[in-house]
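Here the structure is a predicted model, which is why all the values come from computation and not from measurement.
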Amino acid sequence: MPDSFDDWARRVRRLAGERRAVILAHNYQVPWIQDVADFVGDSLSLSRHAAQTDAETIVFCGVHFMAETAKILSPDKTVLLPDLGAGCSLAATITAEDVRAWKAEHPGAAVVAYVNTTAEVKAESDICCTSSNAVEVVRSIPEDREILFLPDMFLGAHVERQTGRKLQVWMGECHVHAGIGAQEMRARAEAEPDAELLIHPECGCSSAAIYLLGEGVLPAERTKVLSTGGMVREAASSPASKFLVATETGILHQLRKANPDKTFEPINEYAVCQYMKTITPAKLLRSLEEGVFEVTVPEEIRVRAAAAVERMIALGPAPIPVP
Ligand code: 13P
Ligand code: SF4
């Protein structure tokens with residue numbers, strides 16, 4: 001392993017060029033990896049990049065379901081994940097068998113799956129969503145259609161409030177975001193009346209934040225429930241100079257780098273996803289040197305999962321209706 005960032009970054013960039021590889025990194029990756037990547041973003045923007053890239057290889061610095069999503073969208077490309085152990089506690093809360101049993105209890109319901117799911121679960125779903133577009137995805141489904149929303153209960157509750165629709169919600173949670181609690185969020189917000197609150201909808205405190213907004217305890221103009229990409233955009237455009245951030249702490253690097261004159265503090269400094277941090281600079285280098293570890297998806301599953309992901313990607317300019 002090279003001993004300076006510059007030396008390591010030069011080797012990574014040279015190898016990426018030789019492999020005709022694009023390096024995609026999620027906002028929760030360690031700073032070195034964010035800084036060497038071709039593109040850093042949230043789940044939705046990374047999916048869009050994976051679908052559009054003309055690189056031969058995608059090196060995904062994120063977790064397994066994200067690399068799988070890239071493979072689902074770009075089956076002819078080689079997709080590498082520097083460590084196959086980069087899982088996700090939220091994705092692990094539901095299996096394809098669980099979805100089939102749930103659908104059997106609710107015949108005719110539309111299944112909306114957060115991208116934090118395995119390819120097998122996506123294959124059982126009608127449409128995917130991310131934290132950036134979950135509200136729009138649910139709004140794209142006819143009002144009279146029952147919806148099974150999986151697997152995150154806090155995101156599900158957020159979507160119910162935003163759309164005014166009752167959903168059947170799977171009771172899964174991400175252990176990192178569930179650990180960002182309402183009490184610490186409220187105490188920090190009250191102690192810093194000028195700071196803006198940036199809250200990820202997977203957080204345990206997001207339901208409390210919306211309740212406190214309704215009660216007038218938190219002012220609407222400085223409390224925002226956003227995806228990680230939404231936080232980056234909000235921080236750039238907001239007049240606030242201080243932000244309290246409720247999500248995995250990797251996002252702080254992106255926020256501080258893009259806004260050096262503003263202050264960002266985590267609501268919970270221990271909100272660290274060990275799965276995201278499984279990807280280290282040494283493993284990224286090895287991945288490019290040795291072409292490891294390839295992520296594959298059986299074609300029969302990929303085709304069905306792709307239909308759900310592509311419906312999500314197409315939402316916006318030309319939505320594809322849920323069948
Ligand atoms: P974003 O889509 O907001 O980046 O969130 C993804 C996520 O929670 C991965 O853990
Ligand atoms: Fe999964 Fe939570 Fe880690 Fe995101 S932060 S990858 S949802 S365990």
Side-chain angles (χ1 to χ4, degrees), residues 1-88 115 119 130 228-229 231-233 236 248-260 264 272-297 302 309 313:
M1 178 65 191
D3 50 19
S4 79
F5 173 77
D6 287 345
D7 183 21
W8 169 82
R10 257 192 306 276
R11 282 172 67 178
V12 166
R13 293 308 329 166
R14 180 175 50 76
L15 288 163
E18 285 168 15
R19 270 192 190 276
R20 295 197 16 85
V22 65
I23 301 173
L24 303 183
H26 188 265
N27 285 319
Y28 298 158
Q29 289 291 294
V30 295
W32 274 28
I33 290 180
Q34 293 193 27
D35 290 347
V36 85
D38 293 288
F39 179 76
V40 184
D42 63 12
S43 307
L44 181 61
S45 60
L46 291 171
S47 301
R48 288 189 193 276
H49 261 73
Q52 286 162 8
T53 183
D54 54 10
E56 285 170 12
T57 297
I58 298 170
V59 183
F60 213 108
C61 296
V63 292
H64 192 269
F65 76 80
M66 295 180 175
E68 245 184 10
T69 306
K71 185 69 185 177
I72 288 166
L73 292 169
S74 299
D76 300 334
K77 300 192 191 312
T78 301
V79 176
L80 301 178
L81 182 64
D83 187 329
L84 290 175
C88 169
V115 281
T130 73
T228 59
M231 290 181 185
V232 173
R233 289 187 291 279
E248 210 273 354
T249 56
I251 186 72
L252 295 167
H253 178 64
Q254 239 1 263
L255 291 169
R256 288 172 179 153
K257 192 172 153 183
N259 305 280
F264 299 90
V272 176
C273 175
Q274 64 270 46
Y275 299 113
M276 284 282 177
K277 271 43 177 189
T278 301
I279 310 298
T280 60
K283 288 178 188 169
L284 171 56
L285 191 60
R286 179 179 171 210
S287 180
L288 284 159
E289 278 168 349
E290 299 177 19
V292 290
F293 295 92
E294 192 166 351
V295 172
T296 56
V297 179
R302 190 200 68 77
V309 181
I313 299 246

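Using a 4.5 Å heavy-atom threshold, the side chains of Asp42 and Thr130 count as separate.
Formation of a donor-acceptor pair under 3.5 Å by the Asp83 side chain with backbone atoms of Ile279 is not found in this model. A donor-acceptor pair is defined here as one N or O able to donate and one able to accept, closer than 3.5 Å; such a pair exists between the side chain of Lys71 and the backbone of Lys77.
The ring-ring contact (aromatic ring centres under 6.0 Å, His included) search around Phe60 returns none, not counting sequence neighbours. Every residue meeting the ring-ring contact (aromatic ring centres under 6.0 Å, His included) condition with Phe39, not counting sequence neighbours, appears here in chain and number order: His49. With sequence neighbours excluded, no residue forms a ring-ring contact (aromatic ring centres under 6.0 Å, His included) with Phe293. Taking Glu68 as the reference, nothing meets the side chain to side chain donor-acceptor pair (under 3.5 Å) condition, with sequence neighbours excluded. Legend: residues meeting side chain to side chain contact (heavy atoms under 4.5 Å, CB included) with Asp76, ordered by chain and number and at least two apart, are absent.
Below 30°, between 30° and 60°, or above 60°: for His26 and Tyr28 the angle between ring planes is above 60°, a perpendicular geometry.
The heavy-atom pair separating Val79 from Ala67 by the smallest distance is CG1-O, 3.5 Å.
Rounded to the nearest 0.5 Å, atoms CG (Leu284) and CG (Leu81) are 11.0 Å apart. Once rounded to the nearest 0.5 Å, the distance linking OG1 of Thr280 with CZ of Arg286 reads 10.0 Å. In this structure, the separation between NZ on Lys283 and CD on Glu290 is 13.0 Å, given to the nearest 0.5 Å.
Among His253, Gln29, Gln254, the one residue that satisfies the side chain to side chain donor-acceptor pair (under 3.5 Å) test with Gln34 is Gln254.
Sorted by first and then second residue, the side-chain hydrogen bond (donor to acceptor under 3.5 Å, both in side chains) pairs involving residues 50-59 (not counting sequence neighbours) are Arg20-Glu56.
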